[in-house]
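Input: a single structure, listed below in structure tokens.
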Protein chains: 2
Amino acid sequence: MNRFLSHATNRIDAKGRVSVPSAFRAVLLEAGVRELYCFQDFVFPAVSAGGPELLDRFEKQMAAEDPFSDAANQMSLLVHGGGVFVKLDPEGRLMVTDFIRDFTGISTDVTFVGRGDHFQLWEPQAFARAQAEAREGRKQRGLRSE
Amino acid sequence: MNRFLSHATNRIDAKGRVSVPSAFRAVLLEAGVRELYCFQDFVFPAVSAGGPELLDRFEKQMAAEDPFSDAANQMSLLVHGGGVFVKLDPEGRLMVTDFIRDFTGISTDVTFVGRGDHFQLWEPQAFARAQAEAREGRKQRGLRSE
DNA sequence: TGGGACCATATGGGCGTCAATGGGAGAAGC
DNA sequence: GCTTCTCCCATTGACGCCCATATGGTCCCA
């Protein structure tokens with residue numbers, strides 16, 4: 001398994017640390033990622049995290065559209081200006097900084113959400129709501145999988 | 001037999017495990033599936049399960065459209081964030097996690113329902129109702145084959 | 001044809017391992 | 001010197017692996 005899948009909720013301890021789920025750490029290890037690259041998601045109130053190659057991916061995306069568009073400008077602000085490198089401690093935990101808290105609304109618990117080539121940090125309730133909305137939207141569009 | 005057929009109800013034990021029906025396990029074995037991919041169904045209050053190729057299918061679908069579109073984003077939230085890889089123990093049982101319970105209403109028993117290329121986990125009563133409704137709907141449309 | 005041995009599946013529980021969490025102490029920075 | 005950040009160790013609770021038991025069905029043989 002070489003991608004980020006499923007979701008799990010972990011508690012922030014008194015020092016402001018939270019364990020990254022072991023399944024996600026395994027993916028990072030396999031990819032040889034030692035430092036996480038984090039930034040604010042464009043769509044959801046979540047912080048996205050992954051290897052440094054994520055940056056490349058978003059720069060490609062920006063290059064694909066009109067470089068002077070509002071979207072490209074805002075993306076650059078988030079990707080370049082809002083990006084942070086985060087290190088894990090020997091137990092696989094990361095510090096939940098104000099950068100993360102302010103944007104996501106996270107306070108005591110973090111929901112880690114796999115997104116294939118990266119994963120996200122969500123406030124648990126916010127994730128539940130977003131997922132419910134997504135499911136509702138799919139149902140209405142009638143895009144059944146079978 | 002290379003597809004999932006019929007249905008069966010098994011009990012969840014004190015540890016929260018339930019045996020996957022042997023007929024289904026045989027199909028999985030033949031297909032060489034060692035890890036199940038499970039996700040909350042888009043239509044029914046059931047959890048669908050099958051081989052990893054189910055996920056591949058979803059990812060192809062996402063790749064087909066604009067990867068940064070709203071639809072693709074929401075789908076990833078369901079397929080990646082809402083999907084789980086589940087391993088069977090040596091006896092062919094799986095853990096019934098809250099992820100499954102909350103969405104399906106399953107508490108003490110699980111009804112396994114074959115769906116051809118995958119199968120589903122239902123709360124027994126809910127399955128009985130859904131099946132009755134489906135039968136009724138077909139009858140009214142006059143599409144019965146018998 | 002009826003009874004019994006045999007087999008497969010479903011189920012129950014013990015136990016070791018690992019992940020998540022909590023706290024302490026040393027190191028580095030203000 | 002005090003705060004903040006790491007690293008290290010301890011605890012606990014969950015999960016995976018193993019073996020044991022039960023239950024129902026099938027096949028063989030008398």
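As a basis for the values below, the full set of heavy atoms in this structure was taken, side chains included, without hydrogen atoms, waters or symmetry mates. Residue numbering restarts at 1 for every chain, and letters A, B, ... go by the order of the sequence lines.
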ask   = Does B/R101 reach the main-chain N or O of B/S107 with its side chain, forming a donor-acceptor pair under 3.5 Å?
value = yes

ask   = Does the separation of the ring centres of B/F44 and B/W122 fall below 6.0 angstrom?
value = yes

Listed nucleotide nearest any side-chain atom of A/S22, set D/dC17, C/dA19, C/dT9 = C/dA19

request  = Return the value, rounded to whole Å, for the distance between atom NZ of B/K15 and atom P of D/dA14.
outcome  = 12 Å

task = Please report, rounded to the nearest Å, how far the C1' atom of D/dA20 is from the CZ atom of B/R93.
result = 11 Å

query = Over how many whole Å does the gap from B/I12 atom CD1 to C/dT11 atom P extend?
reply = 10 Å

key: d(CD, B/E91; C1', D/dA22) in whole Å   = 15 Å

inquiry  = Using a 4.0 Å heavy-atom cut-off, does B/S19 contact any base of the nucleic acid, only the sugar-phosphate backbone, or nothing at all?
reply    = base

query = Does A/R25 place a side-chain N or O at less than 4.0 Å from the phosphate oxygens OP1/OP2 of C/dA20?
reply = yes

note = Atom CG of A/N10 and atom C1' of C/dC18 are separated, to the nearest Å, by 14 Å

message = Without decimals, in angstroms, what is the distance between B/L88 CG and D/dC17 P?
response = 11 Å

Spacing of B/D89 atom CG relative to C/dG14 atom C1', expressed in whole Å = 14 Å

Integer-rounded Å distance: D/dT4 P and A/R17 CZ = 15 Å

ask   = Given the rule in the ring pair (Phe, Tyr, Trp, His ring centres under 6.0 Å) test, do A/H7 and A/F127 qualify, once you have shown the distances and angles that lead to the verdict?
value = CA-CA 10 Å; A/H7 68 268; A/F127 172 65; 5.0 Å; yes

ask   = Once the angle between the rings of B/F112 and B/F119 is folded into 0 to 90°, is it parallel (under 30°), tilted (30 to 60°) or perpendicular (over 60°)?
value = tilted

message = Under 4.0 Å, heavy atoms only, any strand: does B/R11 hit a base, just the sugar-phosphate, or nothing?
response = sugar-phosphate

